[in-house]
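Structure first, then comments.
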Amino acid sequence: MKARVTVLGSGTSHGVPMIGCTCAVCRSADERDRRTRPSIYIDVDAGPKLLVDTSTDLRTQALARGVTAVDAILFTHSHADHIMGLDDSRRFSQMKKASIPCYADAATIAALKKSFHYAFDPATEKGGGLPQIDLHEITGPFAIGGVDIRPIPLMHGSRPILGFRFGDFAYLTDTNHVPETSFPLLDGVRIVILDALRHRPHPTHFTVAEALKVLERVGPEQSYLTHICHDLPHVATNASLPAGVELAYDGLAFDIEVNRSSFATAAEDQWT
Ligand SMILES: [Zn+2]
Ligand SMILES: [Zn+2]
Ligand SMILES: [Zn+2]
């Protein structure tokens with residue numbers, strides 16, 4: 001099954017430009033140097049429309065990229081830049097006339113219930129509309145709308161988080177360490193989006209050089225670096241990267257091939 005991936009946001013948690021910064025990248029006229037908070041959208045041909053993370057910028061990203069439907073949301077982890085747009089999922093559930101299944105690990109589910117307590121509290125007055133979401137814990141490979149999805153365990157500092165593999169594509173944001181046991185899960189992947197914050201070391205994100213080392217081992221045809229801060233100008237950085245590796249940018253889109261799920265229907269979710 002064919003699918004189209006769109007990068008909704010390629011920036012680090014501050015976004016680029018960063019508030020109060022006058023550096024060359026924050027003042028750049030190149031659209032590709034304007035980076036909203038990290039998220040991707042996957043539109044499967046005749047299949048589900050998947051959102052990975054609900055970034056702080058979800059509303060503006062949906063308007064900018066013409067995202068008018070979301071059938072399910074996958075969360076990588078619960079840092080603010082990845083979840084704070086969840087309230088804006090209201091429009092998608094209103095238009096779908098159904099709640100939206102959300103998939104996350106146990107720690108992220110607990111954090112979502114805390115951060116968005118009003119959405120889960122039956123006593124909340126419904127006046128302004130509430131996000132209608134059903135939480136599903138990820139404990140292994142799963143399926144949404146017949147599409148096979150493989151969680152890829154990653155380390156983000158001391159915190160275990162999830163990347164995701166969809167057929168020949170893997171989305172690996174917010175990491176500074178790929179555990180040894182996760183490399184086999186990436187065998188044969190054709191396109192990878194991987195975290196690379198900047199050149200200077202960081203305790204929870206890969207540098208460009210660290211990301212390149214991982215990519216060399218995984219060996220995809222094409223890679224894109226994401227979660228980028230204002231240290232990396234788009235054009236100049238791309239000129240310094242090896243063939244087949246580029247910085248992602250907001251609005252970048254490419255085609256992938258996803259797999260039909262081989263799981264029993266018990267593993268299938270409520271997506272309809
Ligand atoms: Zn992040
Ligand atoms: Zn700046
Ligand atoms: Zn994070």
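Just so you know, ligand 1 is whichever comes first in the structure, and atom 1 is the first atom listed for that ligand.
- Within the 2.8 Å limit, His156 places at least one N, O or S atom next to the Zn ion (ligand 3).
- Under the salt bridge (charged side-chain N to carboxylate O under 4.0 Å, His left out) criterion, Asp57 pairs with Arg37, sequence neighbours left out.
- For His79, the nearest N, O or S atom to the Zn ion (ligand 3) falls under 2.8 Å.
- Side-chain N/O atoms of Ser10 and Asp250 include a donor and acceptor closer than 3.5 Å.
- Among residue pairs with one or both ends in residues 108-117, those qualifying as side chain to side chain donor-acceptor pair (under 3.5 Å) are Asp105-Thr108; sequence neighbours excluded.
- Legend: residues meeting ring-ring contact (aromatic ring centres under 6.0 Å, His included) with Tyr41, ordered by chain and number and at least two apart, are absent.
- Note on His82: its N/O/S atom closest to the Zn ion (ligand 1) is NE2.
- A side-chain hydrogen bond (donor to acceptor under 3.5 Å, both in side chains) with Lys49 is found for one member of Asp43, Asp71, Thr68 and no other, namely Asp43.
- When NE2 of His227 and OD2 of Asp81 are joined through the Zn ion (ligand 1), the resulting angle is 100° to the nearest 10°.
- Shown are Val178, Thr173, Asp174; of these, the side chain to side chain contact (heavy atoms under 4.5 Å, CB included) with Leu154 is made only by Val178.
- Geometry about the Zn ion (ligand 3) gives an angle of 90° between NE2 of His77 and OD2 of Asp174, rounded in steps of 10 degrees.
- Classified by interplanar angle (parallel below 30°, tilted 30° to 60°, perpendicular above 60°), the ring pair Phe142/Tyr103 is parallel.
- Between the side chains of His199 and Thr207, no donor-acceptor pair is found at a separation under 3.5 Å.
- For the Zn ion (ligand 2), the tally of protein N/O/S atoms lying closer than 2.8 Å stands at 4.
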